[in-house]
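Naming: A, B, ... by sequence-line order, numbering from 1 per chain. These numbers come from a predicted model, not from an experiment.
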Protein chains: 2
Amino acid sequence: MSDQPPNSEARERVLNTAEKLFAERGYKAVTLRDVADALGIKQASLYYHVPHGKEALFVEVTERNLRRHQLGLKTLIGAASSLRTKLSAAANWLLSQPPMDLGRMLQSDMVAITPEEASRLELIAYDALLMPIADIFIRAGVVGEIRQENPIMLAGALISVIESLCALPEHYLTQSRHVMAESLITLFLDGLRVR
Amino acid sequence: MSDQPPNSEARERVLNTAEKLFAERGYKAVTLRDVADALGIKQASLYYHVPHGKEALFVEVTERNLRRHQLGLKTLIGAASSLRTKLSAAANWLLSQPPMDLGRMLQSDMVAITPEEASRLELIAYDALLMPIADIFIRAGVVGEIRQENPIMLAGALISVIESLCALPEHYLTQSRHVMAESLITLFLDGLRVR
DNA sequence: GTCTATAAAGGGATAGAC
DNA sequence: GTCTATCCCTTTATAGAC
């Protein structure tokens, strides 16, 4: 897909650092100097690992991030047996990762890059994040375990609720994020029981 | 509180435009040129209305935005009588406003401005957005209408779920945002029923 | 109130030394 | 692989004309 230098240890470090920063703050809010500083190298040195510049770096690590979420979510969800444990697995995965703010990505990051890349990433976000979780609700719906609500909406709601726990500043945390996540899953399950 | 030129019609237009752009895309992603372009004037002309520059503009309009939310939420919630209509009123208010992404604001915008202003805005966000909605859950909890869950968490969850509807791209909208909001409120209410 | 011109700093990108 | 030096464009901000 591209003509990068051979994948080295060092290149991985660059991608990991950039991935974390972009996921947390977004495209415009992160400069290449921020990335370089976090790595302890100079900004120009980044171009050895990422010759195509900032936007290409953003697209590459964002796609990677989404794919890792897809893999992590599918694996953990697949390994869980009940509806509740599947949702817990999904929530715990999301809590274990650097917060990736889907809302910001769609509203702010996507308008700052080329439209072609933006729609590619949007599609990837759809089937890497929304679909694996929507699937849970779809299956539970067809077997009558829960009401049949719009599954994409439910997946989006669950993701944004869990993501909002990641964004919550420490001093508002009366309980741990995992405990709150479980409460919210209980709320969802009770709220979706067939009436 | 500050030494702005007399509040004119023109200054209001500037603030409104800046407010909308900053709320949608965030501090770093909006340039003063973007604001000026949207107004049809030159970037330097902004300084007549906002002599203290970009950060001061951001802080002023973000505070204004939060205060308007506080007023709008409190008014609409106060005018509603039942638990459900209060939550609907809050959701409809949020849907009626330019999407203000709290998560992005906390994670990205706040680290880009001076820490003092950041913590001021954080506090304002807390009592302008979270508290009015948390209040609904608190009151409903004490009279036994719903389970007593962490009300701040519930408020945060509701806000982020509704905000995520604003961010949803048009082509994923199988139903209107208002319809989805009602479904989600139903889910919350069913999920919070005393067991 | 808005303009042009311009200073000053920031940020992306390239060239070439080591 | 990383550095320094440098280019160039963007962005913030100021000065002064109209």
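Listed by first and then second residue, the ring-ring contact (aromatic ring centres under 6.0 Å, His included) pairs involving residues 147-168 of chain A amount to none (not counting sequence neighbours).
One finds a salt bridge joining A/R104 and A/D109 here, because a Lys/Arg side-chain nitrogen approaches an Asp/Glu carboxylate oxygen to under 4.0 Å.
By the ring-ring contact (aromatic ring centres under 6.0 Å, His included) test, A/Y172 is found to be paired with B/Y126, residues two or more places apart in sequence or in another chain being considered. Scanning for ring-ring contact (aromatic ring centres under 6.0 Å, His included) contacts around B/F58 gives B/F22, B/Y27, with sequence neighbours left out. Considering only residues two or more places apart in sequence or on other chains, A/N16 meets the side-chain contact (heavy atoms from CB on, under 4.5 Å) condition with A/E12, A/R64.
Rounded to whole Å, atom P of C/dG1 lies 11 Å from atom CZ of B/R11. Separating the NE2 atom of A/H49 from the C1' atom of D/dT2 is a distance of 8 Å, rounded to the nearest angstrom. The nearest whole Å value for the distance from the OH atom in B/Y48 to the C1' atom in D/dA17 is 16 Å. The distance between atom CG of A/D37 and atom P of C/dG12, rounded to the nearest whole Å, is 12 Å. Between the CZ atom of A/F58 and the P atom of C/dA13 there is a distance of 14 Å, rounded to whole Å.
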Atom pairs and distances, side-chain donor-acceptor, residues 70-79 of chain A, under 3.5 Å, sequence neighbours left out:
unit_1: A/Q70; atom_1: OE1; unit_2: A/R67; atom_2: NH1; d: 3.0
unit_1: A/Q70; atom_1: NE2; unit_2: A/D127; atom_2: O; d: 3.3
unit_1: A/Q70; atom_1: NE2; unit_2: A/D127; atom_2: OD1; d: 3.3
unit_1: A/T75; atom_1: OG1; unit_2: A/L71; atom_2: O; d: 2.7

**Prompt:** Using a cut-off of 4.0 Å between protein heavy atoms and nucleotide atoms, how would you tag nucleotides 3-14 of chain D 5' to 3' with B, S and -?
**Reply:** BBB-----BBBB

